[in-house]
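To start, the structure under review is shown below, and the notes come after it.
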Amino acid sequence: MAATPQLLDTSLLSMYTDSLFPAPGALGRRGDASEAEMKGQEIRRAFLEFFESKGHRIIKSSPLVPQGDPTLLFANSGMVQFKNVFLGQEDIGTKRATTSQKCLRVSGKHNDFENVGRTPRHHTFFEMLGNFSFGDYFKQDAISFAWEFVTEVIKLPKERLCVSVYEEDDEAFELWQKIAGLPPEKVARLGASENFWAMGDTGPCGPCTEIHWDLDPTQPGGIEEDPERFLEIWNLVFMQFDRDASGEMKPLPAPSVDTGAGLERMASVLQGVPTNFDTDLFDPIRARIQEICGKTYGEDPDATVSMRVICDHCRSTTFLVGDAVLPSNAGRGYVLRRIMRRAARHGVLLGIKEPFLYKLVESVAEAMRDNYPELDERRSYIEKVVKVEEERFLRTLEKGLKLLGDEQARIKADGKDVLDGAFAFKLYDTFGFPLDLTEDIGRSEGFAVDTEGFNKALEIQRVKSSKGGKFDAEAGLGDAIGELVSQGASTKFLGYDAVEADAEIIGIIKHGELVSEAGSGDDVEIVTNRTPFYAEKGGQVGDTGTINGATGHAIVTDTQTAGEGLSRHHAKVANGYLRVGDAVKMEVSVERRDNIRKNHTATHLIHYALHRVIGEDAKQAGSLVAPDRLRFDFTHFSAMSDEEIAEVERIANDLVMNCIPVQTDLKSYDEAVKSGAMALFGEKYGDEVRVVACGPSVELCGGTHVTNSGQIGPILVLGESSVAAGVRRIEAVTGPGAYAKMREALDAQHELARLYKVSGDEVVERVKATAEQVRQMEKEIARLKEKMTESANKDLIDAVQDVGGVKLLAAVAQASDADALRAQAAKLRDKIGSGVVVLGADTGGKAMLCVLVTKDLTDRYQAGKIIGPLAKIVGGGGGGKPDMAQAGGPNPAKLQEAVGAAASQL
RNA sequence: GGGGAAUUAGCUCAACUGGAAGAGCGCCGCCCUUGCACGGCGGAGGUUGCCGGUUCGACUCCGGUAUUCUCCA
């Protein structure tokens, strides 16, 4: 969202290069003794308390991973968690809010993350201070609040401030002069690209106004003349219009305010330091990096850039892992991996030779402790994740170095000094070896890299990838749902207490469009005002069942959520027709739902048992609760031992056998967490949450459960496996499914016992003994075969003939397969010392031939050449190496003829 | 979601255009030997991830599948 300070353009770099790399001694903060500089934490607190005093509620930062918003990878501004509030789809019980929001930005027009560290103010991770009005106050108050805070609370000198407004926003232009007393030349009118904000092509939008800090007041001119001299510190967005598809802007009935001020740059201004990285927010991190690499920040320009990169990236890394993101090869995890690898790469540039990023987690936690105490709690876990990923990357680099070394030898042998761009790309694309590292090595080893070829290959790959994007079959569905939502439709869920209910159809979607009626055979989405059907959420699959109306009935095959508070029933109309407005009776498939309940409660018990057995670091990383099975993914760095799995299963079953009632309470989030409920981190919860308790297992959960653990029946863990790096999966069955599985296993055991004629508990020993017996017998057979071959060879050796001074042994032998034939021929070859051996055999109706030539003769006779014509005789083909060849054919009757022809081949 | 790779002994990895599955480390046994990565000899350990196809013959080629790595979105 643009409701944020825009990150400075890289062009600033050239202008302020000098201040980017000041002499070491010059790094001190602004030395005004008259005015104690504010610490980052003090700025944050002052901001929140200031707005609290103006009637705002202080709200916690939401996690970096936005909930229920697939369009956004990460929270990138303060307003993200209030999106639905601004749209009027959610009520949080206050019209004024203020936050310090953790944000992450890795791409976008002004902030390619490759720039981070090279400029004074680019970050991937940063904090945004904001105040929000949801249809309450508007421009006048927003401006006067901001001005009061800037000039009276943090006391920035008025003469170094100026503002900008949207060129058509006369109202804001006037207000600044009136409220702040700014002369017109200090209020710049800027165009839409700078000062007009929109959430998307349609929807809420409006003008912005920004407060800027003059970096060099000795220069003449204002923002319009010299934009790069001014540092934007606060952006106020006035959500004023609603833009429709035609581009027409209608005024919103209750205009809103959304503001954002970057904490890091505000601190840099208040502390009088040249870059955000020099603020106290980074003190412990900078100190630790210097300690690790033994270099001094600010001394060497390249090293300083590397340290800044690491400063930034270790914050992103720590917070991302803390919000349950794991490094992976797709989506959010991939972004995390790239950030970490870039940091690791800069570590190498600083001369650090081993994993070090994980050591910075502690420093980040220390620097952010005041506002994010949870980092301390999760520290050991975060460190573990980071270290594992760093080690993985080092392995990747090693592999790449080896490949590069091989290729380097090759180009040197060819007398070239340019590394193929395609090879550099392959190294990068397939093995994750960074291009800049390849270039570095080239520089020291004396070869160039064809970067043009590299970029070409990258472009081809990019086009190929984006073309692969799946056609969005549900695109129309989103629009239809949106229309229903805007009509104020919502579905009340009754399924905690009921499995059937009367309801009214409020929407039917067919082929992505809203229709008024669905006829027999139609595949549709049916939306009702209330429903006992559980819509897939939190891993629990959607319910199935039937919807019956007076004129027809439909079979529900799945239920999904559709945006805020809406459920859609995927159904096929079996007969008759259903219409919007119809009163219907909705019935959930009870048996299926009961099995889901069992599996869901069992999932909680397993989760609890895992914590008991392998510790609190076993964080939930996903789950599936289906009628026939359950799956539970959790973070853990090694395979579980059989004993651990057995222990988890035992604990879970103990809880079942104790028949513990399951209690569900509605509580406030804070109250729930205080009472010890397990909340998933990285998850956003509403103010009121459901707490599901079954004995010692207490979790926040919106799913459906049994009423007593005894109803679950046996819990049987089927296996434990790996899903991704650092994530393990447990699969289990319960109730009837578990019983059937156990019955099956016992039946198999009984069958084995019967076949082996032993009692059930002796089966394992008996099978072991039998396997050993088989092994011994196989050995004995091999020994006997060899003996037989030897005696057969005694006869064959007499058949040696002399062909032009070369010994030739050509004969038909007895052999069961090609391997045996070859072994036999090898024995004969060793016996004759020098010569050619040609053996044929009938192996189960197939003709096999084998030709061996002793090494001293391979320059005159090649086994592969000799065998060709012979193979043709038996109707097949073959070949091999100079000293050994094999062939086969379908005609064993001609074996004698083939072997006889050998002499003529010499 | 789409592309590129990898999967061989307990571990790390070889095996050329399809033609006898190997090395180093580890393990077991024996010998030698009072010290640091001792040395020597011998041995066990393999359904080459799984399923299918092509071929006289597949670790090798083709298709599918699983897992891991990696790039792009």
- Query: Rounded to whole angstrom units, what separation is found between the CZ atom of A:F393 and the C1' atom of B:rC69?
  - Reply: 13 Å
- Message: I'd like the C1' distance from B:rA6 over to B:rU65, given in whole Å.
- Response: 15 Å
- Item | Parallel, tilted or perpendicular: ring planes of A:F454 versus A:F425, cut at 30 and 60 degrees | perpendicular
- For B:rU55, the nucleotide meeting Watson-Crick or G-U wobble distances (both under 3.5 Å) is none
- Message: Quick test of your reading of the model: are A:K426 and A:D429 salt-bridged, counting only N-O distances below 4.0 Å?
- Response: no
- Message: OP1 or OP2 of B:rC71 versus the side-chain N and O atoms of A:R462: is any pair under 4.0 Å?
- Response: no
- Query: Can you tell me how far C1' in B:rC16 sits from the matching atom in B:rU33, rounded to whole Å?
  - Reply: 44 Å
- Item | Pair A:R392 + A:E389, salt bridge at N-O below 4.0 Å | yes
- Task: Could you measure between the two P atoms, the one in B:rA37 and the one in B:rC59, and give it in whole Å?
- Result: 42 Å
- Item | Salt bridge A:R829-A:D883, side-chain N to carboxylate O under 4.0 Å | no
- Query: Using atom P of each nucleotide, how far apart are B:rG10 and B:rU47 to the nearest Å?
  - Reply: 8 Å
- Item | Atom-pair distance (CD on A:Q461; P on B:rA5), nearest Å | 11 Å
- A:Q814 atom CD: more than 12 heavy-atom contacts under 6.0 Å: no
- Item | B:rC56 to B:rG18 separation - P atoms, rounded to the nearest Å | 15 Å
- Message: Under 4.0 Å, heavy atoms only, any strand: does A:K846 hit a base, just the sugar-phosphate, or nothing?
- Response: sugar-phosphate
- Message: I'd like the P distance from B:rG29 over to B:rA14, given in whole Å.
- Response: 32 Å
- Message: Tell me which nucleotide, if any, is Watson-Crick or G-U wobble paired with B:rG24 when both distances must be under 3.5 Å.
- Response: B:rC11
- Query: Expressed as a whole number of Å, how far does the P atom of B:rU8 sit from that of B:rU60?
  - Reply: 13 Å
- Pairwise C1' distance for B:rC13 and B:rU7, with rounding to whole Å: 12 Å
- Contact nearer the 5' end of RNA chain B, comparing A:R341 with A:A847: A:A847
- Message: Looking at A:D450 and A:K456, is there a salt bridge between them, counting it only when a charged N and a carboxylate O are closer than 4.0 Å?
- Response: no
- Crowded around A:K831 NZ? As in, over 12 foreign heavy atoms under 6.0 Å? yes
- Identify the nucleotide, in any strand shown, that forms a Watson-Crick or G-U wobble pair with B:rC50, with both distances under 3.5 Å; if there is none, say none. B:rG64
- Note on the structure: pair_partner(B:rG45), Watson-Crick or wobble, both distances < 3.5 Å, evaluates to none
- Item | Interatomic distance, A:K456 NZ vs B:rC71 C1' [rounded to whole Å] | 20 Å
- Applying a 3.5 Å limit to both distances, which nucleotide forms a Watson-Crick or G-U wobble pair with B:rG39? B:rC31
- Note on the structure: A:R392 atom CZ is separated from B:rC71 atom P, nearest whole Å, by 12 Å
- Item | Greater than 12 external heavy atoms within 6.0 Å of A:E459's CD | yes
- Message: What does the B/S/- profile of nucleotides 10-23 of chain B look like, 5' to 3', with a 4.0 Å heavy-atom cutoff to protein?
- Response: ----S----BB---
- Item | Exercise: do A:D817 and A:T843 side chains pair donor with acceptor under 3.5 Å | no
- Message: Without decimals, in angstroms, what is the distance between A:D429 CG and B:rA5 P?
- Response: 9 Å
- Take the protein atom CZ of A:F423 and the nucleotide atom C1' of B:rG4, then report the distance between them rounded to whole Å. 14 Å
- Query: To the nearest angstrom, how far is A:L403 atom CG from B:rC71 atom P?
  - Reply: 15 Å
- Whole Å only: how far is the CG atom of A:L397 from the C1' atom of B:rC69? 13 Å
